[in-house]
Amino acid sequence: MPAETTPDTGGTSPRESAGGRRRKSRSKRRKALLVAAWTAAGVVALGGTGLGYLYFHLNGNIRSIDIDQALGADRPTDVDNGSQDVLVLGSDSRSGGNGELGGGSDDGTARSDTAMIVHLYEGHKKASVVSIPRDTLVDRPSCTDADGTTHEAASQVMFNSAYSTGGAVCAVKTVESMTGIRMDHYMEIDFSGFRQLIDDLGGVRITTTEDIDDPDSHLDLEAGAHTLDGEQALGLVRTRHGVGDGSDLGRIQLQQAFVRALVDRVEQLGVLTSPKKLYDLADTATRTVTTDSGLASVKDLASFAGGLKGLSSSHMDMVTMPVQYDSADGNRVLVDEDRSARVWSALRADRSIPASATEGTASGDAKNVVNEG
């Protein structure tokens, strides 16, 4: 699993102070979203078809973490109502092939700047995706990571410090503590894997309603239609300074729009017939993701992915966890407890998230800048 590192202290809020004056974030650190982990599972299902003799190779690609063993019995009740909840994280290790993409030092460390809870409703024909802002101040529970090291609880720390402190296990435990929802699965994807996956897919088509120019993420797009290659797609999901108000909440809006376009692109792969193309996709996907032990084989991953076929972006509800700006620190946000409770209650009951749960909450300024196709 990725090594530990010191949490990033970059800002989330576009506000400079409690007075509400907007400003661009000064953080220059490279950001990562690698939001494709759960759609990569769909690619694996396609890639595995008719290629059983190559399964040994694909199985050897997959890295896994035994979340269940590490967390033990101190978890929310596993509700048996036909739904599934998957925590998807993005990892931005600067080592290996990621160094040229993410900047920073090659010290073997990693952060998780992106987290999404994917709730698959009974029947897996629709989904809700809840993005958790990385700079949300939360109470992090104590946890024992996959290496057996115990980390003490901490109050009012950044959400992404859970991963930085104790890796995937502590991230899952923090999410379960916040939501009261047991995560059925865990997936993680890294910089270079995301870029290669988009290239193997043949790019993803989006339309921008305004120019985006962000030297920090190496992205320069004029308003209009684009088929993004892997490097451009990575730039888009990382960008925050080149569009909107420069906030992390605005970046989440861009990420969500890209995920919709990506899901539709994966769905289109059903018309592909080239065994080599399908195998290349499966090979990239299995090398890209780290999963929980329940998805640690091509057979298990393909079985899970089979349940996602037919899930298009039109059947996905994408929201951001309800938060409010922190009046004491314009670079942080606080959980809107009442509204968030409505989100988690709906998901636990396998119901749609009510619109009232996200009304009046803090949001970015990049909505509708990126659209599908």
Side-chain angles (χ1 to χ4, degrees), residues 8 10 12 14 24-25 27-40 43 88-92 97-98 100-104 111-116 129 131 133-134 189-268 284 288 313 316 318 320 363-373:
D8 187 352
T12 291
K24 296 285 185 180
S25 169
S27 172
K28 297 298 183 183
R29 293 183 176 177
R30 310 291 187 188
K31 306 301 180 185
L33 168 77
L34 303 172
V35 298
W38 73 289
T39 55
V43 177
V88 179
L89 294 185
S91 166
D92 69 345
N98 289 336
E100 65 186 64
L101 303 176
R111 291 192 301 269
S112 174
D113 283 347
T114 301
M116 294 181 174
V129 181
S131 297
R134 37 153 285 179
I189 184 170
D190 71 11
F191 262 2
S192 59
F194 176 84
R195 182 180 68 168
Q196 186 61 51
L197 180 62
I198 300 303
D199 284 339
D200 286 350
L201 287 169
V204 173
R205 189 166 181 81
I206 57 102
T207 298
T208 60
T209 59
E210 59 183 75
D211 296 346
I212 301 176
D213 184 10
D214 185 359
D216 287 346
S217 62
H218 311 296
L219 184 67
D220 184 6
L221 295 176
E222 294 183 354
H226 304 274
T227 298
L228 302 184
D229 62 20
E231 186 170 355
Q232 291 173 315
L234 181 61
L236 178 65
V237 298
R238 289 168 53 213
T239 193
R240 60 189 290 176
H241 305 301
V243 64
D245 55 18
S247 72
D248 190 54
L249 295 177
R251 182 174 57 175
I252 285 174
Q253 292 173 321
L254 298 178
Q255 294 167 356
Q256 291 173 342
F258 183 80
V259 168
R260 290 183 181 279
L262 177 59
V263 168
D264 286 343
R265 179 68 183 116
V266 171
E267 187 180 26
Q268 294 168 6
T284 297
T288 293
S313 64
M316 294 173 57
M318 305 196 71
T320 300
S363 62
D365 192 26
K367 188 176 183 179
N368 298 324
V369 172
V370 172
N371 298 301
E372 305 158 52

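Side chains included, hydrogens not; waters and symmetry mates left out as well; all remaining heavy atoms used. All residue numbers refer to positions in the sequence shown, counting from 1.
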Where is the tightest heavy-atom contact between [X] and [Y], given as atom of each residue plus distance?
| X | Y | value |
| --- | --- | --- |
| Q256 | M318 | O-SD, 3.4 Å |
| E372 | S313 | OE1-OG, 3.2 Å |
| P133 | T320 | CG-CG2, 3.8 Å |
| A233 | F194 | C-CE2, 3.8 Å |
| Q232 | T227 | OE1-O, 3.7 Å |
| A261 | I206 | CB-CG2, 3.7 Å |

Check your understanding: Side chains of L228 and I198: closer than 4.5 Å at any heavy-atom pair?
Key -> no
Review point. Do H226 and T208 have side chains that get closer than 4.5 Å, going by heavy atoms?
Key: yes
Review point. Is the backbone of L219 close enough, under 3.5 Å, to the side chain of R238 for a donor and an acceptor to pair up by distance?
Key: no
Check your understanding: Would you say the side-chain atoms of R265 pair up with the backbone N or O of V204, donor to acceptor, closer than 3.5 Å?
Key -> no
How long is the gap from [atom1] on [X] to [atom2] on [Y], to the nearest 0.5 Å?
| X | Y | atom1 | atom2 | answer |
| --- | --- | --- | --- | --- |
| S131 | Q253 | OG | CD | 10.0 Å |
| I189 | T288 | CD1 | OG1 | 5.0 Å |
| Q196 | L234 | CD | CG | 12.5 Å |
| D213 | T239 | CG | OG1 | 8.5 Å |
| T284 | R195 | OG1 | CZ | 11.5 Å |
| Q255 | D248 | CD | CG | 7.0 Å |

Practice item. Test side chain to side chain contact (heavy atoms under 4.5 Å, CB included) on L201 and L262 and set out the steps. Key: CA-CA 9 Å; L201 287 169; L262 177 59; 3.6 Å; yes
Check your understanding: Only one of D365, T209, V369 forms a side chain to side chain contact (heavy atoms under 4.5 Å, CB included) with V243, so which one is it?
Key -> V369
